[in-house]
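First up is the structure itself, then whatever we jot down about it.
Naming: A, B, ... by sequence-line order, numbering from 1 per chain. The analysis underlying the following values was restricted to heavy atoms, covering all of them including side chains, and did not include hydrogens, waters or symmetry mates.
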Number of protein chains: 2
Amino acid sequence: MGENTLPEQIAHQLRREILLGNLKPGAPIKERDNAAELGVSRTPMREAIRILAKEGLVELRPARSPVVASPTLKEVTDCITVIVALEELSGELAVQHATEAEIAEIWKLHERMRDNYDVYDHIERFEVDMEFHMAIARASHNEALAETHAAYLRRMWRARFLSARTRRNRERVVRQHGEIVSGLQSRDAGQVAMAIHSHLGHLLDSISEAFAGQPETARPAEEQDANKALTA
Amino acid sequence: MGENTLPEQIAHQLRREILLGNLKPGAPIKERDNAAELGVSRTPMREAIRILAKEGLVELRPARSPVVASPTLKEVTDCITVIVALEELSGELAVQHATEAEIAEIWKLHERMRDNYDVYDHIERFEVDMEFHMAIARASHNEALAETHAAYLRRMWRARFLSARTRRNRERVVRQHGEIVSGLQSRDAGQVAMAIHSHLGHLLDSISEAFAGQPETARPAEEQDANKALTA
DNA sequence: CAACAAATTTTGGTATACCAAATCCCCTCA
DNA sequence: TGAGGGGATTTGGTATACCAAAATTTGTTG
């Protein structure tokens with residue numbers, strides 16, 4: 001459970017609250033209150049907030065309260081554009097450099113997703129999905145790439161979480177993951193690139209739909225106080 | 001000169017010292033000493049160090065002194081691989097979305113580089129070069145992409161600075177920049193991608209050469225104390 | 001009653017104090 | 001003489017105090 005350092009633990013807590021929606025987009029995050037809430041001082045809480053800012057989950061404004069980020073549709077689609085490029089590159093490099101063990105690991109994650117799709121709840125499902133994509137990036141044997149890719153995935157976690165609730169996604173997601181893995185196994189760069197592109201393309205579609213359906217998620221940024229949300 | 005916040009100003013100072021080599025790779029950066037040196041307290045100095053860590057210029061180790069990063073050749077080439085992908089994407093998007101004014105701005109930067117190559121010193125030259133590449137990323141109208149791309153450029157600044165001293169680079173760099181701009185002007189995605197790929201490919205070559213020539217820059221991480229380097 | 005302004009409170013930024021862990025130095029002992 | 005250990009010191013991590021700038025409230029006035 002516990003990450004390494006205290007600020008990371010705090011960041012983990014806050015991140016969870018944000019991603020679950022207990023801290024609504026636009027809500028201010030006050031150092032004192034939240035620090036007191038968790039029984040720590042402002043110093044590590046400050047650092048935790050910076051960590052989340054680096055991940056794009058909160059927005060820092062000089063001399064003002066940091067707020068939970070509320071990205072616009074364009075910002076989200078921009079990020080996904082970058083993710084596509086990063087993951088296509090990951091796939092291309094993984095085809096060249098991934099070990100058999102790493103590909104087997106990716107396959108295992110795919111199996112876990114496929115076999116437990118209905119067993120897992122939303123969060124567990126997304127955690128496996130994230131691990132799957134991160135494993136691909138790691139298999140590129142390019143640490144910088146894997147790191148940047150992971151940062152973008154985390155940043156998009158909530159947006160993806162809000163979309164992709166639809167049931168018909170299930171079969172498609174699993175099938176596309178399968179195509180990616182199979183491309184890796186046969187070391188077919190073209191197939192991998194194609195599968196990744198198509199997979200993330202659909203992600204972009206479903207997120208756009210979600211924004212169209214619930215435009216309140218976009219900018220208006222409901223000003224709700226962040227206090228007391230941490231005790232849950 | 002002055003960035004917005006105090007930590008950013010401090011980071012700016014430290015960054016300069018690192019990139020100029022006054023703080024050697026592997027040297028520890030002690031919060032107290034450096035803070036005292038600049039006449040500030042540890043708190044903003046800490047934040048400044050985190051900023052530089054985010055940029056990859058310093059390496060944080062829990063409960064230990066942060067050290068100036070000393071990337072291996074592989075780490076540098078990995079980063080350049082990512083930069084290539086990011087900048088190719090930038091070019092592709094810029095061809096679609098850049099305004100004429102933005103392309104003109106890029107052209108102006110190219111002209112400045114071309115006409116003042118011998119007038120500028122190394123640092124000025126690199127600053128213009130960086131602005132040139134950043135302007136391309138900005139012309140993509142994808143903020144996340146521009147930000148990530150800029151972060152990588154900053155991260156590679158020192159490595160590029162250490163390489164690329166050779167005189168014969170001059171003509172090639174200027175010519176390749178010209179090809180990129182001309183591709184943008186004619187909205188030719190293929191030409192832009194080709195030019196960027198070739199341009200950064202040569203960068204990779206010259207950096208590899210530089211590492212082969214001066215392997216001390218690689219890992220050994222000369223343990224030199226960081227103090228007093230800031231007064232310069 | 002509305003609107004502006006001053007005073008109060010709130011909040012982030014900075015400085016400082018304290019602590020525990022890591023480092024360093026020197027001494028001992030094989 | 002070199003390796004190991006123990007104490008002193010350095011150093012990052014955390015808590016807290018203080019300050020200045022925002023934000024908020026309140027009181028006054030047109």
Side-chain angles (χ1 to χ4, degrees), chain A residues 1-14 17-18 23-24 26-54 57-69 221-230, chain B residues 2-14 17-18 23-24 26-54 57-70 221-230:
Chain A
M1 171 80 76
E3 318 297 50
N4 272 336
T5 76
L6 178 55
E8 273 168 17
Q9 291 177 37
I10 300 174
H12 182 74
Q13 274 269 19
L14 281 180
E17 297 300 326
I18 292 174
L23 291 178
K24 298 266 167 50
I29 301 180
K30 306 177 198 182
E31 294 181 1
R32 278 180 173 83
D33 301 0
N34 289 29
E37 203 71 44
L38 294 179
V40 298
S41 85
R42 287 177 56 198
T43 317
M45 170 60 70
R46 257 178 93 76
E47 282 212 37
I49 292 175
R50 306 308 155 122
I51 292 175
L52 265 42
K54 178 171 93 179
L57 285 178
V58 315
E59 195 176 334
L60 296 179
R61 314 169 295 175
R64 270 175 198 73
S65 274
V67 294
V68 178
E222 41 248 294
E223 292 288 336
Q224 168 181 322
D225 201 278
N227 304 350
K228 288 298 173 184
L230 289 174
Chain B
E3 317 297 52
N4 272 335
T5 77
L6 178 55
E8 273 169 16
Q9 291 177 36
I10 299 174
H12 182 73
Q13 274 269 18
L14 281 180
E17 298 300 326
I18 292 174
L23 292 179
K24 299 266 167 50
I29 301 180
K30 307 181 197 176
E31 294 181 0
R32 268 179 246 273
D33 301 1
N34 289 27
E37 203 69 44
L38 294 179
V40 299
S41 84
R42 287 176 57 199
T43 318
M45 171 61 69
R46 256 179 94 76
E47 282 212 38
I49 291 175
R50 307 306 155 123
I51 292 175
L52 265 42
K54 180 172 93 177
L57 285 178
V58 315
E59 195 177 333
L60 295 180
R61 313 170 295 176
R64 270 175 198 74
S65 276
V67 295
V68 178
S70 56
E222 41 246 296
E223 292 288 335
Q224 167 180 324
D225 201 278
N227 303 352
K228 290 297 175 186
L230 289 174

For A:Glu8 and D:dG13, give me the distance from atom CD to atom P, rounded to whole Å.
11 Å
How many whole angstroms separate atom CD1 of B:Ile10 from atom C1' of C:dT14?
10 Å
Could you tell me how far apart B:Lys30 (NZ) and D:dG13 (C1') are, to the nearest whole angstrom?
17 Å
Return the CD to CD1 distance between A:Glu59 and A:Ile29, rounded to the nearest 0.5 Å.
11.0 Å
Without decimals, in angstroms, what is the distance between B:Glu47 CD and C:dG13 P?
7 Å
Using a 4.0 Å heavy-atom cut-off, write out nucleotides 15-24 of chain D from 5' to 3' as B (base contacted by protein), S (sugar-phosphate only) or - (no contact).
BBBB----S-
Rounded off to whole Å, could you give me the CE-to-P distance for the B:Met45 and D:dG13 pair?
14 Å
Quick one: CD1 on B:Ile10 to CG on B:Asn34, what's the gap to the nearest 0.5 Å?
10.0 Å
note: A:Glu31, atom CD; C:dT14, atom P; distance rounded to Å ~ 11 Å
CG of B:Leu60 versus C1' of D:dT11: gap in Å, rounded?
14 Å
Looking at CE of B:Met45 and CG of B:Leu6, how far apart are the two atoms once the value is rounded to the nearest 0.5 Å?
9.0 Å
D:dG12 phosphate, OP1 or OP2: any side-chain N/O from B:Arg46 under 4.0 angstrom?
no
Rounded to the nearest 0.5 Å, what separation is found between the NZ atom of B:Lys24 and the CD atom of B:Glu17?
11.5 Å
The criterion is side-chain contact (heavy atoms from CB on, under 4.5 Å); which residues satisfy it with A:Glu47, sequence neighbours excluded?
A:Pro7, B:Arg46, B:Arg50
Just so I know, are the side chains of B:Ile49 and B:Pro66 near enough to count as touching, which here means a heavy-atom distance under 4.5 Å?
yes
